[in-house]
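Each remark here refers to the structure printed beneath this line.
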Amino acid sequence: MATGSLSSVPKRLRMVEDFSCTCCLEQNLTESADIYCDQCLRFYCKKCVILHSQLFAKHMTCGREDIKKWPVSKAVEDFLRKCEVHADESLTQFCHDHGQLCCSACVGTIHSQCSKVTPINELTNTQPTYLQGLLVELETVLVEIKNLQISQEASVKSLQGTYKEHGALMIEQMRGNLNTNIDECGKSSVGTSGKSEQYLKKEMCRSVVSIVNEFDNITAKELNEMKAEVLSIKGSVTSSIHKCTSVHNVLSQFHEIVQKIGDHLQLCLIASIKCKHIIQQALTLLGKSGKVFNVQSNTKHNVRIPSDSSDECRITGICVLTDGQVLVADGSNQRFKLLNQRYQVVSHWGGAEYVLDMCQITPSEVAVAVDGYVFNTHNVQFITVTQSQLTLGRKLELQHGCTGIACHQGELFICSKTALYKYALSGKQLCRLYADSSSDYTVYRCAVSPTGDRLYITNWHPAKLLTLARDGTLLATYTDPALVYPSGLHVTPAGQVLVCGNWSHTVLQVGWEGESKLATLATQEDGVSWPRSVCYSSTTSSIIVGQWDDTILVFRVE
């Protein structure tokens with residue numbers, strides 16, 4: 001099959017240099033062509049065209065300024081026809097089952113069981129190409145990919161600045177503590193005897209040592225944790241930038257090729273099919289995949305453990321780690337539980353107040369939204385998962401509610417029940433993006449698109465899903481009778497939006513624009529009961545739903 005894989009991007013074709021002088025080639029020389037003669041069907045360089053003009057003065061020729069009138073160069077034709085699976089084979093057929101171009105070797109192996117495979121030459125009159133429309137799509141996606149790359153490069157700079165700023169703040173706090181201590185000791189020494197003054201000096205020294213030790217033991221640990229986070233996120237963003245560069249190169253190449261192949265029916269058909277696949281890959285990278293999940297099967301798993309004290313485990317948050325393990329928040333038992341790939345509890349930690357939501361920060365680190373209504377505390381607790389063990393990291397104390405959390409390239413988005421805030425990874429509040437105080441829980445849960453340009457929030461009642469721009473501008477509002485008291489919310493790496501209706505016992509897929517429902521993925525008939533959280537696992541191609549009855553549901557999807 002050959003559908004424009006991004007893993008094997010050829011070097012950019014230099015279109016003019018692909019046309020070589022025919023006369024020179026016959027003498028085993030390579031010279032770039034400057035003229036094409038339609039009557040001779042030959043290309044000529046600047047030297048050879050002199051002799052051609054003397055012999056065939058009446059022949060009409062086309063120069064580089066009319067290169068669109070030249071036939072397709074061999075290099076371009078070879079590039080389009082080359083099979084990416086079998087490099088020595090040319091594309092000759094089309095598999096309708098997979099929507100893929102294939103060579104004879106592909107047909108004999110990969111597509112041997114497919115129901116319909118047709119020679120390309122039989123499709124030229126029935127399969128539309130729409131090359132002009134594809135050109136417009138290519139141009140649009142090229143701009144979006146470039147903008148994404150620019151945004152990601154800015155994120156890397158912002159991450160580095162955040163760490164430096166946080167480190168400077170920690171040092172300034174230590175300096176402030178030292179100055180305060182010295183000032184207090186100075187005041188206490190006024191009017192004291194020599195013996196008392198010696199005692200105060202010793203106490204001051206002890207206090208200074210204590211402050212320095214606290215900085216070494218606590219603040220330094222926090223800075224190291226944050227440094228590790230920044231480096232991990234920076235690595236992920238840099239990898240994404242490389243993907244953008246590769247995609248941009250492929251898109252540019254096809255944008256140029258599509259304009260050069262003229263009316264060659266077979267090449268137009270091949271180019272259009274390849275372009276569609278490449279555009280789809282680009283849209284996936286942009287988080288604008290229109291692919292609708294198709295549920296294949298589902299299973300139920302009990303996550304209750306003997307030490308649980310509450311009558312029911314309420315799975316209020318789910319996060320799938322890179323290695324396929326699943327971290328869940330059990331709100332009613334005030335603990336986190338780590339599940340292996342068979343969804344068995346292998347580790348747990350208790351002691352938090354009401355844990356509500358969680359999101360992945362790095363491959364091994366998760367941020368958890370904790371909202372304690374008993375002691376009126378609100379914080380974000382960082383947890384590291386190492387060799388199936390949970391370790392508590394730093395904690396961010398908040399001055400407002402904390403019911404939902406999402407992260408994108410080092411920026412935290414936190415729901416306060418009635419507002420959405422943006423924070424730096426250091427815990428510094430950057431801005432309030434959105435607010436609605438018309439009722440309780442108007443900003444309950446949040447999720448962010450893969451590119452960070454769209455934010456989604458759930459309004460508990462009246463039930464609706466809101467889509468915001470990066471700056472908090474409201475873009476879309478979605479309501480649905482099948483979405484009553486929306487709770488769990490998640491966006492997949494391809495941009496598919498998943499949302500749970502808690503009272504309607506449903507799991508829906510909404511379009512990335514946030515304007516329409518694409519599918520009802522699961523209902524009460526499928527075992528859905530009071531769903532409170534949802535997450536997608538790329539490792540197992542599954543949607544995991546957390547419920548209020550000790551269980552999680554796992555839906556295998558395609």
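- With hydrogens and angles disregarded, a donor-acceptor distance shorter than 3.5 Å links the side chain of S541 to the backbone of V557.
- With sequence neighbours excluded, no residue forms a side chain to side chain donor-acceptor pair (under 3.5 Å) with E411.
- The backbone N or O of F293 sits less than 3.5 Å from a side-chain atom of Q509, completing a donor-acceptor pair.
- Judged by distance alone, the side chains of H255 and E139 do bring a donor and an acceptor atom under 3.5 Å apart.
- In terms of the side chain to side chain donor-acceptor pair (under 3.5 Å) criterion, residue partners of T299 (sequence neighbours excluded) are, by chain and number, H301.
- With sequence neighbours left out, the ring pair (Phe, Tyr, Trp, His ring centres under 6.0 Å) criterion links Y434 to no other residue.
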Requested in this report: Would you check, one step at a time, whether the test side chain to side chain contact (heavy atoms under 4.5 Å, CB included) holds for S104 with E89?
Outcome: CA-CA 8 Å; S104 56; E89 298 286 337; 3.5 Å; yes

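- A donor-acceptor pair under 3.5 Å is formed between the side chain of T109 and the backbone N or O of A105.
- Closest of all the heavy-atom pairs between W70 and A33 is CH2-O, 3.8 Å.
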Distance-only donor-acceptor hits, side chain of residues 43-56, under 3.5 Å, sequence neighbours excluded:
| from | atom 1 | to | atom 2 | distance (Å) |
| --- | --- | --- | --- | --- |
| S53 | OG | V49 | O | 2.8 |

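- Put simply, the side chain of S232 reaches to within 4.5 Å of the side chain of P363, judged on heavy atoms.
- Electrostatic pairing of K517 and D480 counts as a salt bridge here, judged by a charged N lying under 4.0 Å from a carboxylate O.
- T442 and N459 share no donor-acceptor pair across their side chains, judged by distance under 3.5 Å alone.
- When side chains are defined from C-beta on, L518 does not count as touching V510, because their heavy atoms never get closer than 4.5 Å.
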Query raised in the report: What do the steps show when you test L553 against V528 for side chain to side chain contact (heavy atoms under 4.5 Å, CB included), and what is the final call?
Result: CA-CA 8 Å; L553 291 176; V528 179; 3.9 Å; yes

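- Taking T61 as the reference, nothing meets the side chain to side chain donor-acceptor pair (under 3.5 Å) condition, with sequence neighbours excluded.
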Report task. Carefully, step by step, assess V247 and V250 under the rule side chain to side chain contact (heavy atoms under 4.5 Å, CB included). Result -> CA-CA 5 Å; V247 174; V250 177; 5.9 Å; no

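- E26 pairs by the side chain to side chain donor-acceptor pair (under 3.5 Å) definition with R42, not counting sequence neighbours.
- Side-chain atoms of T284 come within 3.5 Å of backbone N or O of Q280 as a donor-acceptor pair.
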Requested in this report: Kindly indicate, with the supporting measurements, whether the criterion side chain to side chain contact (heavy atoms under 4.5 Å, CB included) is fulfilled by I279 and L138.
Outcome: CA-CA 7 Å; I279 288 171; L138 284 167; 3.9 Å; yes

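- Within the structure, salt bridge (charged side-chain N to carboxylate O under 4.0 Å, His left out) contacts touching residues 277-296 (residues at least two apart or in different chains) are E144-K288.
- Side chain of Q409 to main chain of Q152: no donor-acceptor pair is present (N/O by atom type, distance under 3.5 Å, no hydrogens or angles).
- Annotation: side chain of H408 is in contact with side chain of F413 (closest heavy-atom distance under 4.5 Å).
- In this structure, S240 contributes its side chain and S236 its backbone to no donor-acceptor pair below 3.5 Å.
- With a 6.0 Å radius and a threshold of 12 heavy atoms from other residues, nucleotides or ligands, D88 has its CG atom at or below the threshold.
- Checked by atom type and distance alone, the side chain of R556 pairs as donor or acceptor with a backbone atom of T540 at under 3.5 Å.
- Residue pairs meeting the salt bridge (charged side-chain N to carboxylate O under 4.0 Å, His left out) criterion with at least one partner in residues 28-39, sequence neighbours excluded, are D34-R64.
- A donor-acceptor distance shorter than 3.5 angstrom exists from the side chain of T238 to the backbone of K234, with no hydrogens or angles considered.
- Under the 4.5 Å side-chain criterion, counting only non-hydrogen atoms from C-beta, L508 is not in contact with L498.
- Taking both residues in full, the closest heavy atoms of H86 and C106 are given as ND1-SG, 3.4 Å, listed atom of the first, atom of the second, then distance.
- Looking at residues two or more places apart in sequence or on another chain, you find a side-chain contact (heavy atoms from CB on, under 4.5 Å) between S364 and T362, T384.
- To the nearest 0.5 Å, atom CG of residue L283 and atom CD1 of residue I278 are 12.0 Å apart.
- In this view, Y423 and H400 satisfy the ring pair (Phe, Tyr, Trp, His ring centres under 6.0 Å) rule, not counting sequence neighbours.
- Side chain of T506 to main chain of A482: a donor-acceptor pair is present (N/O by atom type, distance under 3.5 Å, no hydrogens or angles).
- Side chain of T458 to main chain of R445: a donor-acceptor pair is present (N/O by atom type, distance under 3.5 Å, no hydrogens or angles).
- A salt bridge is defined here as a Lys NZ or Arg NE, NH1 or NH2 lying under 4.0 Å from an Asp or Glu carboxylate O, and K157 with E153 fails to meet this definition.
- Taking the side-chain contact (heavy atoms from CB on, under 4.5 Å) definition, one finds that V320 meets it with V326, C535, S537, I544, sequence neighbours left out.
- Between D453 and S449, the side chains place a donor N or O and an acceptor N or O closer than 3.5 Å (distance only, hydrogens not considered).
- Partners of N121 by side-chain contact (heavy atoms from CB on, under 4.5 Å), not counting sequence neighbours, listed by chain and number: P119, Q266.
- Residues A519 and V292 approach most closely at CB-CG1, 3.6 Å, considering heavy atoms.
- Among V491, L466, L468, the single residue meeting the side-chain contact (heavy atoms from CB on, under 4.5 Å) criterion with Y456 is V491.
- In this structure, the separation between CG on N224 and CE on M226 is 12.0 Å, given to the nearest 0.5 Å.
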